[in-house]
Amino acid sequence: MHIVIIGNGISGITAARYLRKYSKHSITVISSESKYFFSRTALMYIYMGHMNFEQTQPYENDFWEKNNIQLVHDYVKQVVPQQKALFLQDQETPIHYDKLIIATGSKPKYAPWKGKELKGVQGLYSHQDLIQMEKASHQLKHAVITGGGLIGIEMAEMFRSRNISVSLLVRDAHYWGSVLPPEEARIIEKEIRRHHIDLQLSTELKSIQGNPQQEVISITTNHNKTINCGFVGVTIGVTPNIDFLQDSGIALDKGILVNTYFETNQEDIYAIGDCAQFTEPIDGRKPIEQVWYTGRMHGETLAYSLIHKKTAYTPGPWFNSAKFFDIEYQTYGKVSPAPLENEESIYWESSDAKKCIRIAYERDTLKLLGINLLGIRYRHELCHQWIKQGASLPEILPQLEKANFDPEFSSKHENEVIALFQEKFPHIPLKKKKRFAFWK
């Protein structure tokens, strides 16, 4: 059997690795971005001089030949399911498949701004984007970044590492308002401004102005304020990279429509990672999961399903992590940016406003819903276990310190969180008997 994978990001390469682990089938991976798999999350460290591109590649170049995984560096311009064939840009002979996995990831999303086609207007997703950003940075004095997500912060940190001044435009009244509650957002906002970034909240990009050479020279905000700049970073989100599939007969919406087995409407064609859109989202999760670790899980699950036993995707509680300059962020389960019905939380913040712990719970049952952490690390396995088992706050709080895996002599603050709970619920005793294992 010949299994072809389009895309060599974390989803496609994980699928290839596990398919090889489970079988001796013929495997081909096609990518137009780069010949070898690299860690997309490390792009910023190349720009900042901490790594070179080769150091972002987790496997030696001969790994693929040793594991009999064929790599094709080319662009797929057409998929013809009726022929089980792929037509490539630089290859006259089509590639035929028995099973096809589409893992083409995302591309930056653009709004219909005037001037978006100018030189120096770009996102940061691919290796090619990094190369363009490097070229644009020579003699650059000021950059404007529009968008309040994680990529925007990364781009701002990259520019500041070279002493390039930055204005960061955020549409919401506080940073990352669609995800973070106001208290956590204020901590991040303080960190952003501490690094001398011009953070402008409740502000959107309205238009981009250029010179006769079609280069960016300024932008205008929705408040009719003009900011002179030589670069505009577009980080308002990403969208599935599926343009080449428009006439393929594969069912599309924002992404490639799949069921919980990653099956499309076309026989023997599957989609995983950022480009896949679940027709029935799982456990209230979003239909498109654009996170590194979910992409890896997609690849593992589909490989097992194809070789061993047909298996539905069951990811468990939500998890994500990131870094905002010097502050690490973790989130487990569900913590709403604004409390939903029957949702409350206990919130603790350090006196220097660099750390916080938020524990969200059901008001009626005290059942744990989720945990937000800034500047503090918790064990993924234990938090996952608590949420999955439906543990209550009186059950988990006595063991909260066990979840903490900050360095040995770091200050621990779990007793302060417990004190807040006891102040709020003085008549509810903590349960000290139940134990939760966090090893596998």
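Only this structure's heavy atoms are used, side chains among them; waters, hydrogens and symmetry mates stay out.
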I376 side chain near N404 side chain, heavy-atom distance below 4.5 Å:
yes
Are any non-hydrogen side-chain atoms of Y332 and P317 less than 4.5 angstrom apart?
no
For salt bridge (Lys or Arg N to Asp or Glu O under 4.0 Å), just list the numbers for K21 and E300, CA-CA rounded to whole Å, side-chain angles, deciding distance to a tenth of an Å, and then say yes or no.
CA-CA 11 Å; K21 178 180 178 180; E300 290 182 19; over 6 Å; no
Residues two or more places apart in sequence or in another chain: which of them pass salt bridge (Lys or Arg N to Asp or Glu O under 4.0 Å) with K309?
none
Using the ring-ring contact (aromatic ring centres under 6.0 Å, His included) criterion, which residues pair with H25? Sequence neighbours excluded.
none
Not counting sequence neighbours, which residues clear salt bridge (Lys or Arg N to Asp or Glu O under 4.0 Å) with E263? List them please.
K310
Which residues satisfy the side chain to side chain contact (heavy atoms under 4.5 Å, CB included) test with E154, sequence neighbours excluded?
M44
Taking the side chain as every heavy atom from C-beta outward, state whether L252 and Q246 have any pair of such atoms under 4.5 Å apart.
yes
Going by heavy atoms in the side chains, are Y378 and E414 under 4.5 Å from each other?
yes
So, the side chain of T56 versus the backbone of F53: is there a donor-acceptor pair under 3.5 Å, distance only?
yes
Do D253 and Q277 have a side chain donor and acceptor closer than 3.5 Å?
yes
With sequence neighbours excluded, what pairs up with P58 under the side chain to side chain contact (heavy atoms under 4.5 Å, CB included) test?
F37
Do V79 and F244 make a side-chain contact, defined as non-hydrogen atoms from C-beta onward lying under 4.5 Å apart?
yes
Hits for side chain to side chain contact (heavy atoms under 4.5 Å, CB included) against T235, two or more places apart or cross-chain, chain-then-number order -> I145, I151, M155
Are the side chain of H223 and the backbone of S202 linked by a donor-acceptor contact shorter than 3.5 Å?
yes
Does the pair D268/K84 count as a salt bridge with the N-to-O cut at 4.0 Å?
yes
Parallel, tilted or perpendicular, judged at 30° and 60°: which one describes the rings of H308 and Y304?
tilted
Testing the 3.5 Å rule here: is there a donor-acceptor pair between the side chains of E416 and H413?
yes
Answer yes or no: is there an ion pair linking K354 with E349, defined by an N-O contact shorter than 4.0 Å?
no
Salt bridge (Lys or Arg N to Asp or Glu O under 4.0 Å) partners of R171, counting only residues at least two apart
none
Identify, with sequence neighbours excluded, every residue that meets side-chain hydrogen bond (donor to acceptor under 3.5 Å, both in side chains) alongside Q209.
S207, S218, T220
Given L393 and I359, is the side-chain contact (heavy atoms from CB on, under 4.5 Å) satisfied, shown in steps?
CA-CA 9 Å; L393 264 59; I359 301 178; 4.0 Å; yes
Can you measure from CZ (R358) to OH (Y361) and round to the nearest 0.5 angstrom?
11.0 Å
Could you measure the distance from the CG atom of N259 to the OG1 atom of T264? Nearest 0.5 Å is fine.
8.5 Å
Using the test ring-ring contact (aromatic ring centres under 6.0 Å, His included), find all partners of F87 that sit at least two apart in sequence or belong to another chain.
none
Could you tell me if E33 and H73 have a donor-acceptor pair between their side chains, going purely by distance under 3.5 Å?
no
Could you check if a side-chain atom of Y313 sits within less than 4.5 angstrom of a side-chain atom of E289, using non-hydrogen atoms only?
yes
Run the side-chain donor-acceptor check on residues 3-12: report pairs under 3.5 Å with partners two or more places apart or on a different chain.
{"unit_1": "N8", "atom_1": "OD1", "unit_2": "S31", "atom_2": "OG", "d": "3.0"}
{"unit_1": "N8", "atom_1": "ND2", "unit_2": "S34", "atom_2": "O", "d": "3.0"}
{"unit_1": "S11", "atom_1": "OG", "unit_2": "G295", "atom_2": "O", "d": "3.2"}

Main-chain N/O of V144 paired to S167 side chain as donor or acceptor, under 3.5 Å:
no
Does the side-chain contact (heavy atoms from CB on, under 4.5 Å) test come out yes or no for Y47 and S137, once each step is laid out?
CA-CA 10 Å; Y47 181 95; S137 297; 2.8 Å; yes
With heavy-atom distances below 4.5 Å as the criterion, would you say the side chains of L369 and V335 are in contact?
no
Checking N241 side chain against S106 main chain: does a donor-acceptor pair fall under 3.5 Å?
no
Name all pairs fulfilling the salt bridge (Lys or Arg N to Asp or Glu O under 4.0 Å) condition that reach into residues 127-149, sequence neighbours left out, sorted by first residue then second.
E134-R162
Donor-acceptor contacts under 3.5 Å from residues 186-193 side chains, at least two apart:
{"unit_1": "E189", "atom_1": "OE2", "unit_2": "Y175", "atom_2": "N", "d": "2.8"}
{"unit_1": "K190", "atom_1": "NZ", "unit_2": "D352", "atom_2": "O", "d": "3.4"}
{"unit_1": "E191", "atom_1": "OE1", "unit_2": "R194", "atom_2": "NE", "d": "3.1"}
{"unit_1": "E191", "atom_1": "OE1", "unit_2": "R194", "atom_2": "NH2", "d": "3.4"}
{"unit_1": "E191", "atom_1": "OE2", "unit_2": "R194", "atom_2": "NH2", "d": "3.0"}
{"unit_1": "E191", "atom_1": "OE2", "unit_2": "D326", "atom_2": "N", "d": "3.2"}
{"unit_1": "R193", "atom_1": "NH2", "unit_2": "L199", "atom_2": "O", "d": "3.2"}

Which word best sums up how the rings of F262 and F278 line up, parallel for under 30°, tilted for 30 to 60°, or perpendicular for over 60°?
tilted
For I288 and P240, which heavy atoms make the closest approach, and how far apart are they?
CD1-CG, 3.9 Å
Side chain W113, main chain L205, donor-acceptor under 3.5 Å:
yes
